[in-house]
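The block underneath contains the structure these notes are about, expressed in structure tokens.
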Amino acid sequence: MVVNSLNWQRSEVVQIDSLDVPDGQVMGIDGQVIPSQRLSNGHLAFVAENIPPVGYRLFWWRPQDNATTGNTVATPDPHLYVLDNDYLRIHVDPVTGDLASVFDKTQQRQVLSGAGNQLQAFVDQHKYWDAWNIDPDYEQHPLPPSELQSISWIDCGSVCQRLRVVRTIANSTLQQDYVLEASSPWLRIETIADWQDYHLILKAAFPLAIQADYATYEIPCGAIQRPTQSTDPRQAAKWEVPALRWADLAGVSILNNCKYAYDSKPNQLRLTLLRGSCWPDPSADIGRHEFAYALYPHAGDWRAAQTVQHGYAFNQPLQVVVVPTLQQGMTQKPLPPEACLLDLQANNLVLTALKPCEENATQWILRCYEAHGQGANMHLTSDLGLEVVDRVDLLERSLSQSPQSAIDSCSVSIAPWQIATLVIKVATHQGCTTASK
């Protein structure tokens, strides 16, 4: 069972951690065989397509000797490091481990103007507030470039390609896997760092074949624009920008799962990876770090490219639950093979909470926000037959006395950037809240 916790339909590569049989095939609910690939870590990967919003879809595992999987593609040239799918074609420099080329197939354009994912380290003495401040002149004190230690293929199949690059910079070592999966529009960069340096700042730089006056960064329940060139001292003091899951520069987004600082220039985005503060904790950053980020080229602006949704998907992957087959005599009522439990029917709404009401155990609290600054009309559909019964504030106090909060069980208007909290329950009649299937 592949479960989607987000409120829009998704198709992504998933992995099954362990199986009782060594060989077999993945099959959809229509009985068709789905291409799969046995990975180097022993997991089985396959593309789970069209998983419903806040829902699930069942897939079958059929044991079979000598099953054909996505690993049957030809072994790549050990001296040619190219990752390729329907969206991207990526060349990795065999000398440096940097991205030599990222070609966007959907737009037929080169994304980079120079070496991408270039690891750049700078001396950062932290004159004031060691763990909080970054030296304004840190760029004037660069360290020598990183040194490539090894580069090798880990997985190479039709479902997943993984190329491992190990580099050292100063006294630290970074192992980075370039991962390109079937049906994915982004290049994932999974990193394991052994960080052993003090008073340094480490960044991953992406010089881009574009020019932009502004970069956009995700903030809680919204986004903010910042200029890419400083025109006064106040702007110059804002060279490092905090962000949540993504930053975007005119057609290229960088997604991340736990690194929240960027800087930008008209043709470059950089993500801050690590620092080396000594106060108040002299060993705060020393040791092993695991994190991931991704390069996502796209057409149009971040709204048209659904960068908000991709940022959430990058942080909340589809979940796989292995369900035992029901045996004769078992009393559990079986679930249908596919279900949508909650769909807001608006691409610019993001579900952030679903919880029981504090005062009424038969009702639930649904909280969402409008993510594009454009307003939305939420039309709740659900295979559970849910309906909206009230609009409340964050403390779950009814707002029904306000004319502006008028709602019906079918749809709710949500203003640009608004955080909306609604009460929902199982409908007593089957009306517009139930999805047709």
Side-chain angles (χ1 to χ4, degrees), residues 1-10 29 50-58 220-221 309 312-313 315-324 326 330-371 375-415 417-437:
M1 178 185 290
V2 178
V3 182
N4 176 14
S5 63
L6 301 177
N7 61 287
W8 50 84
Q9 181 175 280
R10 297 161 68 187
I29 56 178
N50 303 324
I51 310 303
V54 192
Y56 66 86
R57 172 169 287 182
L58 193 67
C221 299
Q309 287 76 7
Y312 271 92
N315 281 265
Q316 299 182 36
L318 295 173
Q319 300 296 308
V320 180
V321 180
V322 178
V323 182
L326 285 177
M330 295 182 71
T331 59
Q332 290 95 331
K333 183 178 179 180
L335 292 169
E338 177 185 357
C340 169
L341 307 182
L342 194 67
D343 188 354
L344 306 184
Q345 294 285 311
N347 290 333
N348 53 334
L349 291 180
V350 178
L351 177 70
T352 60
L354 185 64
K355 60 176 284 291
C357 285
E358 296 295 325
E359 302 296 334
N360 189 337
T362 66
Q363 297 180 338
W364 291 74
I365 292 294
L366 182 158
R367 184 169 295 124
C368 64
Y369 75 94
E370 196 287 311
N377 186 43
M378 189 192 83
H379 187 91
L380 181 65
T381 63
S382 171
D383 289 347
L384 301 176
L386 301 174
E387 66 177 356
V388 180
V389 297
D390 198 6
R391 187 193 290 262
V392 296
D393 63 15
L394 294 177
L395 296 179
E396 302 182 21
R397 299 173 299 193
S398 177
L399 299 174
S400 58
Q401 298 301 317
S402 170
Q404 289 79 14
S405 65
I407 61 173
D408 59 43
S409 63
C410 297
S411 61
V412 180
S413 294
I414 298 176
W417 305 122
Q418 184 180 20
I419 301 171
T421 305
L422 306 168
V423 178
I424 62 174
K425 70 173 185 177
V426 176
T428 56
H429 57 86
Q430 295 299 312
C432 59
T433 60
T434 303
S436 59
K437 293 188 69 62

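Because only heavy atoms are used, hydrogens play no part in the values below, and waters and symmetry mates are left out as well, while side chains stay in. Model, not experiment: these values are computed from the prediction.
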Note, [X] side chain near [Y] side chain (heavy atom, < 4.5 Å):
X: Leu318; Y: Arg10; value: yes
X: Leu351; Y: Leu6; value: no
X: Glu387; Y: Ile424; value: no
X: Val423; Y: Ile365; value: yes
X: Gln345; Y: Thr381; value: yes

What distance separates Tyr369 OH from Gln418 CD, expressed to the nearest 0.5 Å? 14.0 Å

Separation of Gln9 CD from Asp343 CG (nearest 0.5 Å): 9.0 Å

Return yes if some donor-acceptor pair links the side-chain N/O of [X] with the main-chain N/O of [Y] below 3.5 Å, else return no.
X: Gln319; Y: Pro317; result: yes
X: Asn348; Y: Gly375; result: yes
X: Glu396; Y: Glu358; result: yes
X: Asp390; Y: Ser398; result: no

Residue pairs passing the salt bridge (Lys or Arg N to Asp or Glu O under 4.0 Å) test with at least one member in residues 359-371, sequence neighbours excluded, are none

